[in-house]
Every structure is written in structure tokens, then in C-alpha cells.
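As the structure lists them, so they are numbered: ligands from 1, and atoms in each ligand from 1. Note that this is a predicted model, so its numbers are computed, not measured.
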Amino acid sequence: MIDFKGLPQPPDAPAAGSCVRVERPEAGLALVVLDPPHRKIAVFDVPLLRDLEAAIEGLAQDPKLRGLVITGREPLSFAAGADIETISRISDPELANKFVRSGQALFQRIHRLSRGGGGRWLVVAAVGGPVPGGACEIALACDRIVLADHPKSRIGLPEVQLGIIPAWGGTQRLPRRIGVAAALGAILTGKLHVPRQALRMGLVDRLTPPESLVRVASEIAMGRQACPYLGRSGMRKALIDRTALVTKFMANRAREQVLRETRGHYPAPLAVIPLITEAPRRDLEQGLAAEAAAVRPIATGEVARSLLGLFQLSDEAKKTGSLPDGKRAAPIERAAVIGAGIMGGGIAGLMAERGLEVRLRDLDRKQLDAAVVAHQAEIEKKRKRKQLARHEADGALDRLMVTTEAQGFARCQLVLEAVAEKLEVKRAVFRELAAQMDAEAILATNTSSLSVDAIAEGLPNPSRVVGMHFFNPPRKMPLVEIVRGPRTSEEVVRRTARLALDLGKTPVITKDVAGFLVNRVLGPYLDEALRLVGSGVDPDAIDRALVGFGMPMGPCELVDEVGLDIAMHAGASLEKAYGERMRATQILKPLLDGKELGKKTGKGLFTWRPGKSGKPEKDGVNARLARGSTRAMTADDIVDRCVLAMANEAVRCLAEQVVDGPRALDLATVFGTGFAPFRGGVLRYADSRGLAQVVERLERMRSEIEREGERLGRYEPAPLLAELARAGKKLHAA
Ligand code: NAD
């Protein structure tokens, strides 16, 4: 019996025996169905593990057993992996080890079950829908894996993305099954594989339509249908994986790459490398013990806490797509996008790919043509990578209609405008559409700096005007700010958030204040970086310091990426709204006057030249600025100047309730600004520094800057920050 004592239980734990059903559809065959009554989708929490163990123990005593299938309550609903809630509640490394050992022991029991039959009958995992992490690991412990062939099916081990490691045998069984090189790739990227990819790499043994999943798996389990094991059994390949010299080389290469990409901030990918590369040379039990030992420091460490926290936050964000009474908001099926530029073109393409009928309008035919070409290229890329089947790709292309006409929008349930950033132009677009659309149809604006309420002014029914602020590039960036104007109805907010979720984005609801949340906190951060450049600090040194801190790209490069003209415009509108505290530096003005606008013109803070892949590559600091690089500053001081300016503004946003609490704020900073994910968000970072220290540092920087002859209110500690620091409290209450 596995000892589950001391492990956290869900608050709504159901009665023993209720999470797993054993069905006997015919003599000798057993179906083990994961069907916990307290979960919409099964997750491996203590009640499920306990009931699964009881079911397996019962079956192990049955001498008449001739085949076993492990499956979920529906073909496309198997299990979502280990329970994140349980993992994040475990703070004792020994308890983490115990949780891992319990799962390992249970999966080993399953793995050994059919051996008594001498290979004449099998344990088959019949899985479908998302099969991540622990769900994939239980499948790997079975003799064969049958996967439902459906666009919703995805299988893999994404744990390292959450700061943890696949420790229910994942690092041991995956390399045995698909080889060390492929397992390194799969586990380090945390990728979830679509059915055909999974079959090709030997991660699963058979694909079948969802409706025949259990039947086919049963036939295979009973030995009536052949199903060769597709894991690598070739002698040559197995030999390579057992050669220490080769796997050592692979391990070194992987380590170098991980360090290059993560700068050592993330311990989980580094910890899995030796586990994977040594797996084929180890006895399985030994490997499992090594895996469990590696979990101790990692699962309870700061990075895992931050990343698991973010995962939970993005899960919580899904609630924004439901009405306050818990009912899901109605989906949008037919949408229009006005403006086929950088933003509109990308958003319309994404909508079409995700199943919406989209009508994209621009005044300029060339812009429409370019948007269609970009959409075709994107869909073709996904089709080639087998992420979309041919009929899905065809559907995605057919659903995007483009037009220069002003008519034909009557049936659209939502229109998103992404035209020029001018109040009058946006109002005119909405006026024209409101006249032909249903009175309830949603009018959403992608504005980044105008007030949603001002755009709604004068329209019939302003309660249906809402901000839907995507980030550039819209297909890639995970966050969408849903901006609630003072007159926007709750239903419109929720339905727009639901659309963002349906597009695969994470919505955060914000107030209609200048810069909303993300650009408002990004403003002082970028401006500080530019001020440092103005005072003689080398832009390269600034970028290195912040990338070292964990930002995906340095602030100077980001300004070049966004475009100096757009950055200056955004800075000016923040200054207009917030005054002295956001005063924007003018150091970019000479570059702007010289039409050096960043990447798009080949020169900005840096010089850019076309690289081998056709993409611009950095070619040193712009000579105009390089000449002024005279001031040395430590990386820590650079980070504090930029990041604490952001943190201080973030606390003001918190006090003004720009978003719903510190959790949503942190989520938005990570997903919207790329704020170092392993630090869990800007407020969490301030908490980890200690608020008293943050206040002290802000005050010190304020006097330094004053000595340099500037007065800048942005280093005046936000009143809420000062108050919490005095009281010895944190921004995150818990
Ligand atoms: P863009 O200049 O690339 O595209 C605007 C498009 O709108 C052009 O194709 C233009 O022909 C078209 N257009 C202008 N007036 C029109 C009208 N009356 N009817 C139909 N089409 C019209 O601009 P963009 O960068 O895609 O920005 C669009 C909006 O998105 C702006 O409000 C901007 O503030 C916002 N935004 C931009 C970014 C960004 O990084 N580019 C990020 C977030 C939000």
C-alpha cells in the first residue's frame, strides 16, 4: 500500500473509491476509467491516486485478467496531469519527494501488471484530448499507447515550463521509448505533440478516431489486434544511447544551449539533462530514484513557485470569459476587423484560424493583399508542421474574407477596429458600422493610447464599446487587455474576454486609464533606460543588465523594435495623462529628426543590417550615441533604475485598481512586458526584495537624480508602497 499520509488533499475530496471505475465489458477484459466526481477533467491528486491504486491492486489479484485498458471518462478527456494545486501547496522538500515516489510506485505497479501474462496480453493506455505531464507518464508506463486522432489531442511532458520536472518516470521512460536525443528535445521544450507527430516519433503506437478509441485499445489489450510497439527497439540506436561518450556529448551540448537561453535562471531544464541522458544506462528503479531525488530542491524552490503561480493565474484568468453568475459568455462566431495593418492583419488571420468567419476591411487594397499573403504563409507553415490537417488549413483560409467596401457588416457580432491611432478616425469607423450592425453587436477597439470612453462618445449604445488591446506581434503575444470603459456593460466585457480566450490568449480586464496597465508600467521602465543612455551609459550595457535580470530583450532593443516614433508617441501620451511623473526624455529627438526610427529604418539606438536569415541583426550602437557612452554603471544599478521605476508605477496601478488585484497585475506584466517569468511578476519581485528595501532604494535614487539636476516624481515611493513597507507587509497578501 502506498502511503499518502501528509500529502495535501483537495478541499472537496470525494469518498474513497469514487474517482476510478472498473468496467468489465467482457470476460478477461477490464477498463479502468479515471472519472473523479470533483473535477471537470481528471488530475492526479491524492484521491485519484489512492483510488487508482486500489483498482490496480484489485485487478492484480485477478487470475482471469487477460487485458487491461486505462482510459478517461470521454475519448477526448483523459487527464490533465499531476494536480498543480497539490504541488504548489507542498513546501517541504521531503513531502515533494514523497508525492513523487507515490506516483512512481503506482505507475511501476501498472508497468509490471501484464508481465504475468508473459506478453500475451497487454496494458493499453487509451488517451485523447490534452495528455500532458503525469497523464503522459501513466501512458508511458503502459505496454502500448493508443491516441485519439483529433485536433484536440496533444501529448507530451511540459513540466520544465512550470519550473518542475517530469518525475513520475517521464525522464526515464521517454528516452527509453523515443531515444535520448528526441527525449531531450521534447522535455526541454516542453512541447505537446499533435497525433501525427507523436506517432512519427514513436511516442504513441496507434492513432484511432475518438469514437473507436476504447474498442481498438481493448482489441489490442486482449491480443486480438496486432499493434507493434513503436518505441525505438533498433539495436544500433539503442547502442548509441548506451554509449557514455555519446550521451555525455549530448548532455554537454544541451546544457550549453539551456544556459545560453536561460542564463542559468531556470534550474529544472538543467536538472533533467543528466536524468535523460543517463536513463538508458541505468536500471529503471535506479533512474526513478535519481528522478525523485532531483525533485526535492526544484519543486519547492522559488522559480517553481513563481512559474506554478503564473500557471494558476492564467488558469484563473479563464474565469473572465464567464458572466458573474458563472455562465460562460456567448461565443463570437462572426467578426469583422477594420484596418489590415500590422495588428489588424494578424488578428484577423488568427480569428480565421481559430474558427471565426472574419471580414477584414481596409481602404488600401495593397494592405489587404499583404494580410492575405501573410495569413496563407502562416497556415501553410502550420500545415507543413502537421499542426493543422489539410481540411483545417483550407477552412482557415476560406474563413478570411477581405474587402475595401464599407457595407456587408450587418451579420457580424463583433467588430475590432485597428485603424490609425486617431480619435476622429476611430469614431468615424464605429459610427459607420453602428449604423448597419445590430444594436447589441460589440464595438471593440485595439487602441493603445486613446480613451475607450472617448471613442464611444456620441455612439448609440456606448455600453457595447470595449477595448481589446492586443500586443505586437498579435499572433504570438499571449496577453490581451480587455479595457472596460466607465459605460461598458459587464456582458460586453465578458464576451470580449471569452473571444480572447477562444483565440488562445490570456485576457486581463483593465480600467480605461492612459496606457491601460502594460504600457503604463512599461513607460517609466523604457524612459529610464533612455535617460541612462542620455546620461552616457552604453545602450549595450543597459540591455545586457536587463537581459541578465531575466527580461526577454533589453529595453534599448525593445525601443528599436517598437519604433522610435511609436515609442515617443506613447511616452508623450503618458506624460500628457500623468504629468511630471511620466515626463518623457527627449534624447531620441535627434534620431527621430534624422529619420532613424529603429529596426524598420536600419538605424535607431543600434545599427541594424540584414542578417543571413533575412531578419535584421544588431550591428553595434548607433555611432551618434556610441560617442556619448562615457558613464560606467553596475548592472545592479541599471536594473534598479529601470525595474524599480516600473514596480513603483505598478503599485500605483494596484492602488487605483487598474486591474483586479496583485495576481492579475503580475500576470499582465509577465505576459505583456515579458517581465522575467521566474520572478513571478513585478509585484512579486518587489515583495521578494522586501518593500522596506525597495522604498529605501527608490528614495536613494531620487536624491541621486536630483543631484544630477533632474526632479522626477517617479522615484517618489507610491503611497501604498510606503504604507505597506512601514507596516512590514507585502503587496501579495498571501
Ligand atoms: P498600421 O498603420 O500598420 O495599420 C493601420 C491600417 O488601417 C492601414 O492598413 C490603413 O490603410 C488602415 N486604415 C486607416 N484608416 C482606415 C479606415 N478608415 N478604414 C479602414 N482601414 C483604415 O497600424 P497598426 O500598427 O496595425 O495599428 C493599428 C491600431 O492598433 C492602432 O490603434 C494602434 O495604436 C494599435 N496598436 C498597435 C500596436 C503596434 O505595436 N503596432 C500594438 C497595439 C495596438
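Taking CG from Asp565 and NZ from Lys595, the interatomic distance works out to 9.5 Å, rounded to the nearest 0.5 Å.
Contacts between Asp362 and ligand 1 below 4.0 angstrom, taking non-hydrogen atoms only, involve backbone and side chain alike. Residue Val429 touches ligand 1 through its side chain alone, judged by heavy-atom distances below 4.0 Å. With a 4.0 Å cut-off on non-hydrogen atoms, Phe470 touches ligand 1 through its backbone and not its side chain.
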Check your understanding: Given the rule in the salt bridge (Lys or Arg N to Asp or Glu O under 4.0 Å) test, do Glu617 and Lys612 qualify, once you have shown the distances and angles that lead to the verdict?
Key -> CA-CA 9 Å; Glu617 278 175 13; Lys612 278 189 211 115; over 6 Å; no

Check the pair Leu499 / Leu356 against side-chain contact (heavy atoms from CB on, under 4.5 Å), numbers first and verdict last.
CA-CA 10 Å; Leu499 172 61; Leu356 274 75; 3.7 Å; yes

Practice problem: Starting from the C-alpha separation in whole Å, work towards a yes-or-no answer on side-chain hydrogen bond (donor to acceptor under 3.5 Å, both in side chains) for Arg475 and His375. | Solution: CA-CA 11 Å; Arg475 275 182 180 277; His375 181 53; 3.2 Å; yes

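For ligand 1, the atoms lying closer than 4.0 Å to a non-hydrogen atom of Lys426 are 31 (C), 32 (O). Against a heavy-atom cut-off of under 4.0 Å, Gln367 is close to the following atoms of ligand 1: 8 (C), 9 (O). Near Ile338, with a cut-off below 4.0 Å to any heavy atom, the atoms of ligand 1 are 19 (N), 20 (C).
The single protein non-hydrogen atom nearest to atom 5 (C) of ligand 1 is Ala418 O, 3.6 Å, given as residue, atom name and distance. Here the heavy atom of the protein found nearest to atom 29 (C) of ligand 1 is Val419 O, 3.4 Å. Nearest protein heavy-atom neighbour of atom 32 (O) of ligand 1: Glu421 OE1, 2.5 Å. With respect to atom 3 (O) of ligand 1, the closest heavy atom belonging to the protein is Ile342 N, 3.1 Å.
Checking atom 23 (O) of ligand 1 against the protein gives no heavy-atom contact under 4.0 Å.
For Glu421, the CD atom sits in a packed shell: over 12 heavy atoms of surrounding residues, nucleotides or ligands are nearer than 6.0 Å.
No hydrogens or angles considered: nothing links the side chains of Asn446 and Glu417 as a donor-acceptor pair under 3.5 Å. Between the side chains of Tyr715 and Glu528, at least one donor-acceptor pair of N or O atoms lies under 3.5 Å. In this structure, a donor-acceptor pair under 3.5 Å is present between the side chains of Asp560 and Trp608.
Under the 6.0 Å cut-off for aromatic ring centres, Phe549 and Phe678 do not qualify, their centroids lying 6.0 Å or more apart.
Residue His469 places no N or O, backbone or side chain, under 3.5 Å from any N or O of ligand 1. Between Asp364 and ligand 1, a contact under 3.5 Å exists for no N or O pair. The shortest N/O to N/O separation between Ser448 and ligand 1 falls below 3.5 Å.
For Asp637 and Arg641, the salt-bridge test fails: no basic side-chain N is under 4.0 Å from an acidic carboxylate O.
Here atom 42 (C) of ligand 1 lies nearest to Met343 when heavy atoms of Met343, Glu432, Lys366 are compared. Distances from atom 1 (P) of ligand 1 to the heavy atoms of Ala420, Gly339, Gly341 show the closest one on Gly341. Residue Leu363 holds the heavy atom nearest to atom 19 (N) of ligand 1 of all those in Leu363, Leu368, Asn446.
Within the cation-pi definition used here (under 6.0 Å to the ring centroid, within 45° of the axis), Arg361 does not qualify as a partner of Phe409.
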